[in-house]
Amino acid sequence: MKSFKKIIKAIFAANKSKYSDTLTVEAQKETLQNELAKLRGISEGDVKILNAFLDANWKFNWINDSGIQVVSNNVVDAAFYLSSKLGNLLSIAPISAAFLSLEIAIGPCQSNSRY
């Protein structure tokens with residue numbers, strides 16, 4: 001029984017979120033960068049773009065799977081980028097919805113004028 005409890009505790013610790021509702025977004029950016037950098041197929045440039053989404057920065061350039069440079073400048077482009085980069089790893093629908101909520105909360109003029 002002790003062995004089983006030890007295994008369960010190890011599994012719980014391994015799956016515990018590294019993020020906290022009590023910390024600011026700014027305080028958790030480094031953790032996000034570190035976690036994104038561990039993902040296969042995610043470059044350093046991708047990590048920077050994805051991290052910028054936390055500040056509602058939807059303006060960025062990237063090369064798609066066809067080798068074409070894409071200029072992105074709105075929340076819809078950001079959601080498409082997210083889907084192309086992480087869609088095979090996780091469900092991005094809740095994240096895309098959060099992007100839209102963020103855009104509505106701060107307003108498109110404010111988010112785009114920051115960058």
Side-chain angles (χ1 to χ4, degrees):
M1 187 66 160
K2 287 182 183 182
S3 172
F4 179 71
K5 283 184 179 180
K6 188 176 181 179
I7 291 170
I8 294 298
K9 283 183 179 183
I11 291 170
F12 178 78
N15 290 303
K16 187 177 178 189
S17 176
K18 294 174 175 52
Y19 307 98
S20 171
D21 290 341
T22 61
L23 296 174
T24 65
V25 170
E26 198 64 38
Q28 300 183 80
K29 282 184 178 181
E30 186 175 342
T31 302
L32 177 62
Q33 282 179 298
N34 293 337
E35 293 303 307
L36 289 171
K38 294 176 186 177
L39 298 175
R40 185 184 45 182
I42 301 298
S43 70
E44 186 177 330
D46 294 328
V47 171
K48 288 178 182 177
I49 290 169
L50 292 166
N51 213 23
F53 290 169
L54 298 175
D55 295 318
N57 179 358
W58 316 124
K59 293 184 176 187
F60 57 96
N61 299 333
W62 61 291
I63 307 296
N64 68 15
D65 292 338
S66 301
I68 298 169
Q69 182 172 349
V70 179
V71 177
S72 300
N73 60 20
N74 60 51
V75 70
V76 174
D77 294 341
F80 179 77
Y81 172 82
L82 183 70
S83 177
S84 72
K85 293 295 178 175
L86 299 177
N88 62 336
L89 300 174
L90 52 97
S91 172
I92 60 104
I95 301 169
S96 294
F99 283 0
L100 291 171
S101 295
L102 177 60
E103 183 73 357
I104 291 167
I106 63 174
C109 293
Q110 290 180 354
S111 64
N112 287 334
S113 65
R114 291 188 209 163
Y115 304 96

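Please read these numbers as outputs of a predicted model, since none were measured by experiment. Worth knowing before you read on, the calculation uses all heavy atoms, side chains too, and leaves out hydrogens, waters and symmetry mates.
- Checked against ring pair (Phe, Tyr, Trp, His ring centres under 6.0 Å), F99 has the following partners two or more places apart in sequence or in another chain: F53, W58.
- With sequence neighbours left out, the side-chain contact (heavy atoms from CB on, under 4.5 Å) criterion links I68 to N64, S66.
- Partners of E44 by side-chain hydrogen bond (donor to acceptor under 3.5 Å, both in side chains), not counting sequence neighbours: none found.
- F80 and W62 have tilted rings, their planes meeting at an angle from 30° to 60° on a 0 to 90° scale.
- Residues I42 and V47 come closest through the heavy atom pair CG2-CG2, 3.7 Å.
- Every residue two or more places apart in sequence or in another chain that forms a side-chain contact (heavy atoms from CB on, under 4.5 Å) with V71 is listed here: N61.
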Return all side-chain donor-acceptor pairs below 3.5 angstrom for residues 86-97, not counting sequence neighbours, or 'none' if the list is empty.
residue, atom, partner, partner atom, Å
S96, OG, I92, O, 3.3

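- When the side-chain contact (heavy atoms from CB on, under 4.5 Å) test is applied to A27, the partners found at least two apart in sequence or on another chain are L23, T24.
- Under the side-chain contact (heavy atoms from CB on, under 4.5 Å) criterion, V76 pairs with N74, sequence neighbours left out.
- For residues 87-97, there are no salt bridge (Lys or Arg N to Asp or Glu O under 4.0 Å) pairs, not counting sequence neighbours.
- Residue pairs meeting the side chain to side chain donor-acceptor pair (under 3.5 Å) criterion with at least one member in residues 30-40, sequence neighbours excluded: E35-K38.
- Judged as a side-chain hydrogen bond (donor to acceptor under 3.5 Å, both in side chains), and not counting sequence neighbours, K48 has no contacts.
- Under the 4.5 Å side-chain heavy-atom criterion for Ile, Leu, Val, Met, Phe, Trp and Tyr, I63 and I49 are members of distinct hydrophobic clusters.
- Counting only residues at least two apart or on different chains, the salt bridge (Lys or Arg N to Asp or Glu O under 4.0 Å) pairs with a member in residues 74-86 are D46-K85.
- Of all the heavy atoms in D55 and E26, the pair that sits closest is OD1-OE1, 4.5 Å.
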